Number of protein chains: 2
Amino acid sequence: MKPPAKRITSTDVARAAGVSQTTVSLVLNNKPGQRIPTDTRRRVLEAARQLNYRPRGSARTLAAGRSNVVLLALSGMPISPSVSGFIEHFGSSLATRGLTLVTHLVASGARALEDVSAAVDASAVVGLEPFDEPTAEALHQAGVDLVLAVGADFSPPQKEIGRLQARHLLDRGHRRIGYALPERQAFRSWAEERLHGVLEVCAERGVDPAVAQPTGLDDAEAAQAVAAWRRQSVTGVCAYNDEIAIAVLAGLRAHGLTAPDDLAVVGVDDIPVARLAAPPLTTIAFDLGAAGARLAEVVAAGLDGGDVELSVLAPGPQLLVRGSA
Amino acid sequence: MKPPAKRITSTDVARAAGVSQTTVSLVLNNKPGQRIPTDTRRRVLEAARQLNYRPRGSARTLAAGRSNVVLLALSGMPISPSVSGFIEHFGSSLATRGLTLVTHLVASGARALEDVSAAVDASAVVGLEPFDEPTAEALHQAGVDLVLAVGADFSPPQKEIGRLQARHLLDRGHRRIGYALPERQAFRSWAEERLHGVLEVCAERGVDPAVAQPTGLDDAEAAQAVAAWRRQSVTGVCAYNDEIAIAVLAGLRAHGLTAPDDLAVVGVDDIPVARLAAPPLTTIAFDLGAAGARLAEVVAAGLDGGDVELSVLAPGPQLLVRGSA
DNA sequence: CGAATCAGCTAATGCGCGTTACTAACGCGC
DNA sequence: GCGCGTTAGTAACGCGCATTAGCTGATTCG
């Protein structure tokens, strides 16, 4: 298809610049403590640019004993726009630190995470759900320096999201609220944190604890959940996310009811279709971009041997009041 | 955080099995033409398993001169469930062929694709949009053997999707139809293919060409598009995807109109909220999983020096008739 | 004016693996 | 006994880079 396309090596650059390969390496990696005159440096950089030289990751990794690859493991959660915003910011922010982000969707038939990690020789692996112990151990054994699970306490604290939802409903005068849980097991930890926030607020305001109800993405299933809530005099529900909130809206329609009069609904995420729902969905938006940038900082620090401190990483979540609650 | 966690090398395995490192390599890579007695083979495999040995990708790549990493470049398109299904199948299917898939979200501030590719030393790079010439060239120069852009003729042929949408509307008696284009430039090539299919059907059936109209994800914008269509006596519209279709539904509501009576709407993708729309969205579903598996075949063949033949890769798209058209 | 310093480089080494070349041991026919 | 083929391995090399140790010539110092 193409001519063999001879790869340019640092030796080629060295030859072109009239210096040794060592010098090329020193210049390109900007090694401190080395006295390279500006002129030589310029010649090397120029030659590298002209030849379009790009060091081979495998050789560099092998020699240096550590790669600059960070692997992000996504475990089947829906990639909402805010998640991809997160990924993009995470990636760019890592890039400015000389690190390269690649992601891997962990699927059943796919390669085990530790194999992927070994294949790209990742020096850090970040996940959005806790890793199970064997996996974490295997990753370490496979030479990963930093294994980091961004849990539900990650930015914004998921609990805070639940609190915002609940406060809004209570502020609007609702006295008995419900919570729509996802059916998928994958995001349990996030869901529980959010629900926890809701329950906290209920307790603080002295109302009955929220009535949690798993809710499928289907109007029939959602209609059942709606019926259950209404039986228990629930007048407003917080949904785990916008998709589920929209399902609740559909469930209401199935009964000939509407939000917010018959049941108020608050989502989370502000996905694009949220504002297009009938009625437009009141929801919680949060900027994961900032969190991604912050996480990159944390990862870079961790790889430098520093401490890994996750804590609160970004501006708080924001309530968007639209029609549904 | 953790003890240095000494990495196990193939030499460690060799020592444990009482053979040379060469033998370990031969056994683990299942080199044909080598006569390794079953017993020795067993000993090596056992030792590798016990030590939990995993070859370092960088060393392997460097020595072999080619990696087993395939890089999938996603350029800011929304990751709908069917796309992630595609990725998962693609990944697993590559895995059975000894290849490892990682993906990279191409974002503005992020690392250039060729840098990412060099960092992981990918031997194939696959994209869902055509690469521009400089990028493709740079990838080749960076040592990528196979650069593959899965275009709009990929499975299912995007044109076919447009045809299905249009046929459905015409079969229902609509005589003048519209097309809702995405605003984002990123998926122009896909959008054009789909629109092309719609126009073909219009021509075949002898009705006026579909009226194309960019449609934003916002009820105000969508309402404008709706007004424009109605001015031109359009009674049914095909949308580029479900999100846009849902926007059109919202635009209708803004005018106090409803689908399908005032304007029929057909989407594409069957995203989870499609069935939850009011009215439930008639849409086109297609199985990208099969396409992913097929694509893996193509990539594997391409890396073996075979020919790269994309053509039709999967079962055709399927019309799901729900309430909106 | 020789020794010590230093700037500016380079030769050499090894990372962990795949691969090529080579050998030691063992039959087997004559 | 010798020659020859086969089996079952192994020693050695090199991939492209980072890194360490050192080397050369100029400058400064005592």
Side-chain angles (χ1 to χ4, degrees), chain A residues 4 6-44 47-48 51 53-69 98 118-121 123 141-143 145, chain B residues 4 6-44 47-48 51 53-69 98 118-121 123 141-143 145:
Chain A
K6 168 184 159 292
R7 331 255 272 236
I8 327 120
T9 72
S10 66
T11 310
D12 296 330
V13 176
R15 198 173 12 251
V19 296
S20 73
Q21 181 264 322
T22 304
T23 303
V24 172
S25 176
L26 293 177
V27 170
L28 294 185
N29 295 326
N30 224 333
K31 269 284 142 175
Q34 290 290 344
R35 297 69 53 104
I36 310 276
T38 324
D39 181 60
T40 308
R41 179 180 300 275
R42 209 189 37 68
R43 259 163 48 226
V44 170
L51 294 175
Y53 169 69
R54 223 175 292 280
R56 292 187 96 201
S58 48
R60 175 200 278 272
T61 298
L62 185 58
R66 110 185 333 225
S67 79
N68 60 1
V69 173
V120 298
D121 239 310
S123 61
Q141 277 208 12
D145 287 331
Chain B
K6 168 183 158 293
R7 334 253 273 237
I8 328 124
T9 73
S10 66
T11 309
D12 295 332
V13 177
R15 198 174 12 251
V19 296
S20 72
Q21 180 263 324
T22 304
T23 304
V24 172
S25 176
L26 293 177
V27 169
L28 294 185
N29 294 329
N30 225 336
K31 268 285 141 170
Q34 291 289 343
R35 297 66 53 104
I36 309 276
T38 324
D39 180 59
T40 306
R41 178 179 300 274
R42 208 189 39 67
R43 260 165 45 226
V44 170
L51 293 175
Y53 169 69
R54 223 176 292 279
R56 289 186 98 198
S58 49
R60 174 200 278 271
T61 298
L62 186 58
R66 111 183 334 222
S67 79
N68 61 359
V69 173
V120 298
D121 239 308
S123 60
Q141 277 209 11
D145 287 330

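Any value given below was found using the heavy atoms of this structure, including those in side chains, with hydrogens, waters and symmetry copies removed. In this text the structure is predicted, and so the values were computed from the model without any measurement.
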May I have the distance from [X] (atom [atom1]) to [N] (atom [atom2]), rounded to whole angstrom?
X      : N      : atom1 : atom2 : value
A/R42  : C/dC9  : CZ    : P     : 13 Å
A/L62  : D/dT19 : CG    : P     : 12 Å
B/N68  : C/dG18 : CG    : P     : 11 Å
B/N30  : C/dG18 : CG    : C1'   : 14 Å
A/R66  : D/dT19 : CZ    : C1'   : 15 Å
B/D12  : C/dG16 : CG    : P     : 9 Å
B/D121 : D/dC15 : CG    : C1'   : 11 Å
B/R60  : C/dC17 : CZ    : P     : 9 Å

>> Just verifying a value: how many Å separate B/T22 OG1 and B/K31 NZ, rounded to the nearest 0.5 Å?
In response: 13.0 Å

Partners meeting side-chain hydrogen bond (donor to acceptor under 3.5 Å, both in side chains) with [X] (sequence neighbours left out):
X     : answer
A/S67 : none
B/T11 : none
B/T61 : none
B/R54 : A/D115, B/N52

Could you tell me whether the phosphate oxygens of [N], OP1 or OP2, come under 4.0 Å of any side-chain nitrogen or oxygen in [X]?
X     : N      : value
A/S10 : D/dG16 : no
A/T9  : D/dG16 : no
B/S58 : C/dC17 : no
A/R56 : D/dC17 : no
A/T40 : C/dC9  : yes
A/Y53 : D/dC17 : yes

> How sharply is the helix from C/dC1-D/dG30 to C/dC30-D/dG1 bent, taking the axes over five pairs at either end and rounding to 10 degrees?
Replying inline: 70°

>> Can you list everything that forms a salt bridge (Lys or Arg N to Asp or Glu O under 4.0 Å) with B/R41? Sequence neighbours excluded, please.
In response: none

> Under the side chain to side chain contact (heavy atoms under 4.5 Å, CB included) test, which residues partner B/R56, sequence neighbours left out?
Replying inline: A/L62, A/D121, B/R7, B/S58, B/A59

>> Could you work out, with side chain to side chain contact (heavy atoms under 4.5 Å, CB included) as the rule, every residue matching A/R66, not counting sequence neighbours?
In response: A/D145, A/L303

> Any salt bridge (charged side-chain N to carboxylate O under 4.0 Å, His left out) pairs touching residues 15-30 of chain A, not counting sequence neighbours?
Replying inline: A/D12-A/R15

>> Show me the pairs that pass salt bridge (charged side-chain N to carboxylate O under 4.0 Å, His left out) and involve residues 19-28 of chain A, at least two apart or across chains.
In response: none

Strictly under 3.5 Å: I want the nitrogen or oxygen pairs between protein and nucleotides 22-25 of chain D, one per line.
none

> How is B/V19 classified with respect to the nucleic acid when contacts are heavy atoms under 4.0 Å: base, sugar-phosphate, or nothing?
Replying inline: sugar-phosphate

> Which pair of non-hydrogen atoms, one from B/R60 and one from B/P55, has the smallest distance, and what is that distance?
Replying inline: NH2-CG, 3.3 Å

> How far apart are the closest heavy atoms of A/A48 and A/V13, and which atoms are they?
Replying inline: N-CG1, 3.9 Å

> How does protein contact run along nucleotides 19-26 of chain C, one letter per nucleotide 5' to 3', with B for base contact, S for sugar-phosphate only, - for none, heavy atoms under 4.0 Å?
Replying inline: BB------

